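On a predicted model such as this, the values are computed, not experimentally measured, just so you know.
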Amino acid sequence: MTVRTRFAPSPTGLLHIGGVRTALFCWLYARRHGGVFILRVEDTDRERSTPEAVQVILDGMRWLGLDADEGPFYQTQRYPRYREVIREWLAAGKAYHCYCSKEELEAMRNAQLARKEKPRYDGRCRSRREPVAGVTPVVRFKNPLEGAVVVADAVHGDVVFQNSELDDLIIERSDGNPTYNFCVVVDDYDMKVTHVIRGDDHLNNTPRQMNMLRAMGVEPPVYAHLPMILGPDGTKLSKRHGAVSVLAYREEGYLPEALLNYLARLGWSHGDQEIFTLEEMTALFDIADVNKSASAINPDKLAWINQQHLMRLPPGKVVPELRWQLERLGVSAASDSMLESVVLAQRERSKTLKEMAEASRFFFEPPKDYEEKSARKHLTAEAAPVLEQSKAALRALVDWNPAPIHAAIQAQAEAGGLGLGKVAQPIRVAVSGGSVSPPIDQTLSILGRDETLARLERAIAYARR
RNA sequence: GCUCCCAUCGUCUAGAGGCCUAGGACACAGCCCUCUCAAGGCUGGUACGAGGGUUCGAAUCCCUCUGGGAGCGCCA
């Protein structure tokens, strides 16, 4: 039997990190077993679902490379099917009309709470024969009254629920629309889902869904309930920390590979390994290695993983993202080959592509002004002759490459009886505007001879002013 | 309130009764390397929530407590 998993977000908010981790595990599991990954949009809440939110989900999934084999399916387009099942259940006595008013339900709930009981519907309409005039009923599922449901969860093990704890849930509202738990059941059934991998918060819904699946005449799929992801402070994800659209991570300069790697390591592990390519994760992923406890996001570690990927990926792979970041800074991009050199020079000193772009501006446009502290220290009257001589030596170079550039600067230092830093730092400030850049030979090599000489000229004038 | 889930360094985790005076990673501190910043290398501190069992032996199994979380909607 081929494995079929599904990711079923509801487009009522943002596709955030928690959702992405769920999607990733579904995707990995399907890929690992040569199965099918389904995307299903659960938009039955017509009040809160928006087309924009749907688009964010689609864009996010695309950016991450979590491609679906089937879908996206939309629940709102499946209403005829849901009605059909409800009619069948009504006819078969698996469901019934309930005419209780909201006030009546409210009173029931309050009474139960007062008795320190769990609030739940008492099934009083189960035996009602006649419609109540003037009331449009809802439809409720007849949950078994006795016995227990065992959820054989792939991460938690067996979890037992007594049917006496469950009640007859509403499957069709009085406005005729089906409800979430019911739609999920019909969809998972129709789409032949074999593995339901979703957040922990659904564990309590599972026995109801299993009862309904059995009412449809099938044995439920395998369930795997993933632990929650928390904010850095260990509390629930909120807008203030982490609960932002995945696309915000792109803007912050994270690679999809890195974000996915980081998310996979939240709740899943493979020995001591920290860095995984997507291929490695696909080959190694197993639900048996998923742990049960919630975990907090650690932005520092995400940044570290991002840099590890920046350093390992072929530079050509990161060029498009760097170009995108530079464009966001209003810097018009250069050739791919130059950008590749920039990636190579900058990647071990950049946690994110955003940082890399900011630190690389000077390669594409002269510094507007020198960083004050650096200029005061390195663009001094004493430095002027050093810059002057360096400029002459560089102008005379036949081969404009890191090795000869390095040799020329080294020679300047020795001739003046100076440390390399006394020569390199003024040059660095002259070309980059600040005191931090990749090694000076690499920097000048990328910048090009003409641009280097022009910037030295300007800096010499500044030092002598 | 009721039901269910969870519990190893600050954080992410390894650990399926002896390999654990608890390993790795991020972060932090120090040192090395060094033209800046990094990257890299080395060193260091910090954890099995508490109490009871079971066992020759428990981070690992059982119970209780404590602490955290989820669900209990004509939301998903």
Side-chain angles (χ1 to χ4, degrees), chain A residues 8-13 42-45 47-49 75 98 100 102 105 109 112-120 136-140 151 153 156 159-162 164-167 169-177 179-181 183-184 199-207 225 227-228 230 232-236 262 265-275 291-305 307-308 311 346-351 359 374 378 406 409-410 413 419-429 432 434-441 443:
Chain A
S10 73
T12 53
E42 310 214 322
D43 54 354
T44 51
D45 184 350
E47 303 281 301
R48 296 192 300 149
S49 298
Q75 289 186 325
C98 168
C100 294
K102 289 188 180 175
L105 262 18
R109 201 187 330 275
Q112 286 161 335
L113 250 15
R115 271 179 270 132
K116 304 197 170 189
E117 288 171 14
K118 175 199 258 187
R120 58 193 205 281
T136 34
V138 298
V139 177
R140 288 185 186 269
V151 181
D153 193 276
H156 291 273
V159 183
V160 182
F161 294 86
Q162 296 302 320
S164 56
E165 290 293 333
L166 273 25
D167 65 358
L169 77 163
I170 293 172
I171 59 178
E172 186 182 277
R173 305 182 177 99
S174 51
D175 65 3
N177 289 321
T179 58
Y180 166 77
N181 276 110
C183 296
V184 167
D200 244 354
D201 48 342
H202 289 285
L203 185 52
N204 288 294
N205 286 330
T206 307
H225 287 95
M228 298 279 92
L230 310 172
D233 61 354
T235 66
K236 203 163 130 193
Y262 177 70
R265 285 287 290 100
L266 244 33
W268 174 80
S269 60
H270 183 258
D272 287 338
Q273 189 171 345
E274 297 285 354
I275 305 299
N291 69 211
K292 301 187 242 205
S293 51
S295 43
I297 285 179
N298 182 341
D300 285 332
K301 186 149 183 180
L302 170 59
W304 177 78
I305 286 184
Q307 179 167 35
Q308 293 300 311
M311 291 191 297
Q346 294 284 37
R347 63 186 184 178
E348 63 201 30
R349 64 205 92 240
S350 309
K351 297 275 193 205
S374 308
H378 299 294
H406 184 82
I409 292 173
Q410 182 87 49
L420 196 50
K422 288 285 181 204
V423 183
Q425 276 307 82
I427 297 177
R428 175 169 281 117
V429 178
S432 77
S435 58
V436 176
S437 90
I440 199 65
D441 46 3
T443 301

Residue matched to [N] through Watson-Crick or wobble contacts both under 3.5 angstrom:
N	value
B:C37	none
B:G18	B:C56
B:C2	B:G71
B:C42	B:G30
B:U11	B:A25
B:A76	none
B:U64	B:A50

Tell me the interatomic distance from [X], atom [atom1], to [N], atom [atom2], rounded to whole angstroms.
X	N	atom1	atom2	result
A:L169	B:A76	CG	P	11 Å
A:K301	B:C9	NZ	P	14 Å
A:L230	B:A70	CG	C1'	12 Å
A:W268	B:U13	CH2	P	12 Å
A:Y180	B:G73	OH	P	16 Å
A:K116	B:G1	NZ	C1'	7 Å
A:Q75	B:A76	CD	P	9 Å
A:L302	B:A25	CG	C1'	14 Å

Has the side chain of [X] got a donor or acceptor atom that lies under 3.5 Å from a matching backbone atom of [Y]?
X	Y	result
A:E117	A:P119	no
A:T179	A:I170	yes
A:D43	A:Q75	yes
A:Q307	A:E348	yes
A:S174	A:T136	no

How many angstroms lie between [atom1] in [X] and [atom2] in [Y], if you round to the nearest 0.5 Å?
X	Y	atom1	atom2	value
A:R265	A:N298	CZ	CG	11.5 Å
A:Q346	A:R349	CD	CZ	6.5 Å
A:N204	A:F161	CG	CZ	5.0 Å
A:H156	A:K292	NE2	NZ	7.5 Å

Select base, sugar-phosphate, or nothing to describe what [X] touches, counting heavy atoms under 4.0 Å on all strands.
X	value
A:K118	base
A:G267	sugar-phosphate
A:N291	sugar-phosphate
A:D43	nothing
A:E42	sugar-phosphate
A:S269	sugar-phosphate
A:T44	sugar-phosphate
A:R265	base
A:H225	nothing

Under 3.5 Å donor-acceptor pair, A:D272 side-chain atoms to B:G23 base atoms: yes
Span that lies between the [atom1] atom of [M] and that of [N], in whole angstrom:
N	M	atom1	answer
B:A59	B:C19	P	9 Å
B:G10	B:C33	P	33 Å
B:U54	B:C28	C1'	42 Å
B:U43	B:A25	P	10 Å
B:C5	B:C74	P	25 Å
B:A7	B:C12	P	12 Å
B:U13	B:G51	C1'	27 Å
B:G45	B:A29	C1'	9 Å

I want to verify a distance call: between B:U3, B:U13, B:A70, whose nearest atom is closest to the A:D201 side chain? B:A70
Between A:S295 and B:U11, is there a contact of a side-chain N or O with OP1 or OP2 at under 4.0 Å?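 For B:U11, neither OP1 nor OP2 has a side-chain N or O of A:S295 closer than 4.0 Å.
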With a 4.0 Å limit, can you tell me whether A:R109 has a side-chain N or O closer than that to the phosphate oxygens OP1/OP2 of B:G73?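 So the side-chain polar atoms of A:R109 do come within 4.0 Å of the phosphate oxygens OP1 or OP2 of B:G73, strictly under.
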Can you tell if the side chain of A:V159 reaches within under 4.5 Å of the side chain of A:H225, non-hydrogen atoms only? no
Taking the side chain as everything from C-beta on, heavy atoms only, tell me whether A:S293 gets closer than 4.5 Å to A:P227. no
When you compare the protein's N or O atoms with those of nucleotides 34-40 of chain B, which come within less than 3.5 Å of each other, and at what distance?
| from | atom 1 | to | atom 2 | distance (Å) |
| --- | --- | --- | --- | --- |
| B:C35 | O4' | A:G421 | N | 3.4 |
| B:C35 | O2 | A:R428 | NH1 | 3.0 |
| B:C35 | O2 | A:R428 | NH2 | 3.0 |
| B:C35 | N3 | A:I440 | N | 3.3 |
| B:U36 | O4' | A:Q425 | OE1 | 3.2 |
| B:U36 | O2' | A:S435 | O | 2.9 |
| B:U36 | N1 | A:R428 | NH1 | 3.4 |
| B:U36 | O2 | A:S435 | O | 3.4 |
| B:U36 | O2 | A:S437 | N | 2.9 |
| B:U36 | O2 | A:S437 | O | 3.1 |
| B:U36 | N3 | A:R428 | NH2 | 3.2 |
| B:U36 | N3 | A:S437 | O | 2.5 |
| B:U36 | O4 | A:P439 | N | 3.0 |
| B:C37 | O2 | A:R349 | NH1 | 2.8 |
| B:C37 | N3 | A:R349 | NH1 | 2.4 |
| B:A38 | O2' | A:E348 | O | 2.0 |
| B:A38 | O2' | A:R349 | N | 3.3 |
| B:A39 | O4' | A:E348 | O | 3.1 |
| B:G40 | OP1 | A:Q308 | NE2 | 3.3 |

Report the residue (A:G271 or A:P119) whose heavy-atom-nearest nucleotide on RNA chain B is the more 5′ of the two. A:G271
Examine the side chains of A:Q112 and A:R109 and answer whether a donor and an acceptor come within less than 3.5 Å of each other. no
Look for any protein N or O under 3.5 Å of an N or O in nucleotides 4-8 of chain B and output each such pair with its distance, or none.
| from | atom 1 | to | atom 2 | distance (Å) |
| --- | --- | --- | --- | --- |
| B:C5 | O3' | A:H156 | ND1 | 3.0 |
| B:C6 | OP1 | A:H156 | ND1 | 3.3 |

For A:D200, check salt bridge (Lys or Arg N to Asp or Glu O under 4.0 Å) against everything at least two apart and list the hits.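 Testing A:D200 for salt bridge (Lys or Arg N to Asp or Glu O under 4.0 Å), a comparison that skips the adjacent residues, returns none.
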